[in-house]
Amino acid sequence: MRRFLQVFCPFFSGVALALAIPNELLPFGAPLIALFSLLPFYVALSRAKSYASAFVSGWILAFTAHLLSSFWLGNFRGFALFTLGASALGTGFVCAFSALVFYFPFSHCRAGRRLRENAGTTAYSLPLRVFWFAGTYTVWEWAKSFGFLAYPWGTLSMTAYTWPLVTQIADLTGPYGVTFLFALVSAAMGEGVLLIPRLAHAAQKTSLYDDWLRCVRTCAALFAVTVLYGAYQYLMPRVPVKTLNAVLVQQNLDPWDDSDEEAIAISTRLSREKINEFSERGLRCDLVVWSEAVLSRNFPNAQHYYSYFPQSDPLVPFIRKMQTPFIIGAPFTINREKHQYGNATVLLDKSGDYRGAYLKMHLVPFAERIPFVEYEAVRTFIRKIAGFSYGWVQGTVPVLFEIPLSTPPHHTANAPEIVSLTEQNQTRQQSVFVSTPICFDDAFGEVCRALYLAGSEAFINLTNDAWSRTKSAEIQHFAVASYRAIEYRTTLARSTNGGYTAVIDPAGRILQSLPLFEEGALAAEIPVYARTMTIYARLGDWLIALLALLALAYIVLFTITERENRVTAISTELIRVKRRRGRPRKDEIRP
């Protein structure tokens with residue numbers, strides 16, 4: 001039975017978590033399933049007899065959830081071995097080691113402690129296990145989403161998109177507040193399941209039940225407060241102060257398989273149509289955005305090449321004819337001699353001239369960012385298994401693009417009064433500062449936080465997920481990225497190759513979108529809101545730091561207490577031995 005629990009329960013939790021995450025059957029996921037998805041895993045931990053058993057349970061959970069929810073990583077060109085196989089194994093082992101921490105309070109629930117708990121003398125034990133699990137699981141999700149090997153998919157938070165009243169707490173805690181809440185519910189319900197057989201043997205049934213009931217009420221109260229706060233934020237009227245008229249192009253082409261010429265031809269046609277649509281509405285287009293990796297030639301030198309290519313309608317003359325700035329995904333040469341290239345977004349002004357670039361700051365490990373790629377032997381090895389030999393160099397500097405606006409600023413009751421010193425015959429040019437996180441970038445709070453603190457007024461994400469060939473991959477990326485709009489109460493626009501191209505407001509609502517894997521473009525009037533410094537923008541992942549600090553404090557205090565109890569027990573036993581030795585034997589007692 002124990003082996004069955006050790007294997008089946010974490011496996012079932014992994015399946016439930018994968019089903020709760022956006023998938024081919026449930027496109028936007030199922031948060032109700034996510035609420036209880038970790039219950040079987042919690043039961044397995046509570047029944048584990050050793051740290052080794054907890055290690056195995058953690059590995060099974062993460063490996064199963066990763067494999068079932070991110071199976072589309074197997075389509076990542078020649079890197080499927082790394083992106084799916086290695087990532088599934090690595091995620092499993094990271095969770096397995098984390099499970100050793102999850103198991104800490106369970107490891108001390110020996111027979112004696114269980115008896116005291118059943119007797120009602122250790123009221124703190126049950127709620128402590130519940131909150132310990134929720135806190136440490138939340139720290140684990142942060143750990144798997146941070147650093148070189150970070151992969152913020154397969155998380156509880158990405159299951160909650162269809163519950164916007166819950167996701168609104170992201171401006172306070174980031175997505176990890178949602179994770180904590182969901183893990184807390186699973187743990188509390190897990191204790192309820194474990195309580196059923198224990199009540200039959202408990203001396204103080206009412207006390208034990210009341211401990212659990214208080215824990216459930218605390219969870220319900222936290223959930224209620226979250227929903228009330230979410231309703232307030234979701235229904236709060238927000239008035240934009242500016243509007244960016246932008247064309248977001250979705251070519252529905254895979255740059256790995258389709259030609260540069262075809263991608264440019266489709267993109268220019270769609271751009272022309274939507275710029276004309278703006279004109280018909282009496283508006284001027286401020287910006288055109290093409291998705292990640294549309295162009296294959298390296299900038300900045302590629303400007304000359306695209307002045308004559310494609311022959312039928314060269315790119316640079318087309319931009320000059322449209323009189324509109326373009327932001328386009330393209331490779332960028334950093335240092336040719338050292339084989340240093342970047343995955344970039346490049347800004348071309350309305351004359352088609354190159355003005356600057358942003359380099360992707362968080363690269364996909366072992367696919368875009370390859371360790372030791374500066375050595376020829378490594379490049380030769382990668383060339384053999386993947387067909388090309390160079391990875392990208394990670395960007396380190398937040399870059400903003402200032403885009404002039406044709407639409408005058410909105411005048412609202414809260415707008416500041418501006419006293420201008422310009423002459424009457426002069427005009428004050430209005431503009432918006434946009435940042436362009438590339439693909440994977442918009443899944444990381446630390447990347448977008450750096451861009452926001454640098455002064456970004458709107459995020460415009462350029463993504464190429466067309467290689468995944470699955471709708472679930474597109475929606476999963478969108479669900480992860482949607483938190484960035486809520487965290488900073490700003491607008492997020494996405495221009496993608498195959499989806500999900502959309503405009504999202506500061507509450508996470510979809511204002512405009514295109515169907516997945518269909519050729520099209522949006523003539524989007526992107527609202528730009530006054531910048532506000534949310535708690536998350538100011539403090540970052542403060543919740544993670546707090547949970548980790550509390551966990552460490554508990555481990556230290558528990559260790560000290562156990563040592564003192566052990567010393568006390570030894571001292572008591574020595575006193576008893578001395579007393580027994582000091583008593584005369586019965587045969588020595590004389591009448």
Evaluate the side-chain proximity of [Y] to [X]: yes if any heavy-atom separation is below 4.5 Å, no if none is.
X: Trp163; Y: Phe182; answer: yes
X: Met158; Y: Glu141; answer: no
X: Pro127; Y: Arg214; answer: no
X: Glu191; Y: Val216; answer: no
X: Cys95; Y: Leu61; answer: yes
X: Glu474; Y: Phe517; answer: yes
X: Tyr151; Y: Leu73; answer: yes
X: Phe459; Y: Thr490; answer: yes

Identify the heavy atoms of [X] and [Y] that sit nearest to each other, and give their distance.
X: Ile169; Y: Val178; answer: CD1-N, 3.8 Å
X: Cys215; Y: Leu126; answer: CB-CD2, 4.2 Å
X: Phe440; Y: Ala150; answer: CZ-O, 3.7 Å
X: Ser157; Y: Tyr483; answer: O-OH, 2.5 Å
X: Ile504; Y: Phe478; answer: CD1-CE1, 3.2 Å
X: Leu492; Y: Ala485; answer: CB-CB, 4.1 Å

For [X], side chain to side chain contact (heavy atoms under 4.5 Å, CB included) partners two or more places apart:
X: Val447; value: Tyr358, Met361, His362, Asp441, Phe444, Leu451
X: Tyr51; value: Leu100, Tyr103, Phe104, Ser107
X: Ala143; value: none

Closer than 3.5 angstrom, by distance alone: can the side chain of [X] be matched with the main-chain N or O of [Y] as a donor-acceptor pair?
X: Arg449; Y: Arg538; result: yes
X: Trp542; Y: Leu172; result: yes
X: Glu292; Y: Thr463; result: no
X: Thr167; Y: Pro164; result: yes
X: Ser482; Y: Ala479; result: yes
X: Ser46; Y: Val43; result: yes

| request: Tell me, with the steps shown, if Tyr176 and Thr155 meet side-chain contact (heavy atoms from CB on, under 4.5 Å). | output: CA-CA 9 Å; Tyr176 304 109; Thr155 59; over 6 Å; no
| How far apart are the C-alpha atoms of Thr138 and Ile544, what are their side-chain angles, what is the distance that settles it, and do they pass the side-chain contact (heavy atoms from CB on, under 4.5 Å) test? | CA-CA 7 Å; Thr138 303; Ile544 300 301; 3.9 Å; yes
Could you give the side-chain donor-acceptor pairs of residues 221-231 under 3.5 Å, partners two or more places apart or in another chain?
from	atom 1	to	atom 2	distance (Å)
Thr226	OG1	Leu222	O	2.8
Tyr229	OH	Asp171	OD1	2.9
Tyr229	OH	Asp171	OD2	2.9
Tyr229	OH	Gln233	NE2	3.1

| remark: Of Arg469, Gln476, Lys471, the one forming a side-chain contact (heavy atoms from CB on, under 4.5 Å) with Trp72 is Gln476
| Among side-chain atoms of Tyr500 and Asp465, is any donor-acceptor pair under 3.5 angstrom? | no
| Full working for side-chain contact (heavy atoms from CB on, under 4.5 Å) between Val101 and Trp140 | CA-CA 10 Å; Val101 181; Trp140 130 251; over 6 Å; no
Rounded to the nearest 0.5 Å, how far does [atom2] of [Y] lie from [atom1] of [X]?
X: Phe55; Y: Ile60; atom1: CZ; atom2: CD1; value: 11.0 Å
X: Thr491; Y: Tyr488; atom1: OG1; atom2: OH; value: 14.5 Å
X: Arg494; Y: Ser513; atom1: CZ; atom2: OG; value: 11.5 Å
X: Leu359; Y: Asn343; atom1: CG; atom2: CG; value: 8.0 Å
X: Asp254; Y: Asn464; atom1: CG; atom2: CG; value: 6.0 Å
X: Leu552; Y: Leu547; atom1: CG; atom2: CG; value: 12.5 Å

| What is the ring orientation for Phe97 with Phe93, classed by angle as parallel under 30°, tilted 30 to 60°, or perpendicular over 60°? | tilted
| task | Indicate the ring-plane relationship of Phe131 and Phe180, choosing parallel, tilted or perpendicular according to the 30° and 60° boundaries. | result | tilted
Less than 3.5 Å apart, which donor and acceptor atoms pair up between the side chains of residues 21-40 and the rest of the protein, not counting sequence neighbours?
from	atom 1	to	atom 2	distance (Å)
Asn23	OD1	Leu25	N	2.8
Asn23	OD1	Leu26	N	2.7
Asn23	ND2	Leu19	O	2.8
Asn23	ND2	Ile21	O	2.7
Glu24	OE2	Ser472	N	2.9
Glu24	OE2	Ser472	OG	2.7
Ser37	OG	Ala34	O	2.9

| said: Tell me if the aromatic rings of His477 and Trp153 count as close, with their centers under 6.0 Å from one another. | reply: yes
| task | Could you tell me whether Tyr341 and Trp392 have their ring centroids closer than 6.0 angstrom? | result | no
| field | Partners meeting side chain to side chain donor-acceptor pair (under 3.5 Å) with Thr501 (sequence neighbours left out) | value | Gln250, Thr496
| So does Phe11 have more than 12 non-hydrogen atoms from other groups sitting under 6.0 Å from CZ? | no
| Pair Glu487-Arg484, salt bridge (charged side-chain N to carboxylate O under 4.0 Å, His left out): steps then yes or no | CA-CA 5 Å; Glu487 287 166 358; Arg484 306 295 86 81; 2.7 Å; yes
| task | Sort out for me which residue in Trp132, Tyr42, Phe133, Phe41 forms a ring pair (Phe, Tyr, Trp, His ring centres under 6.0 Å) with Phe106. | result | Tyr42
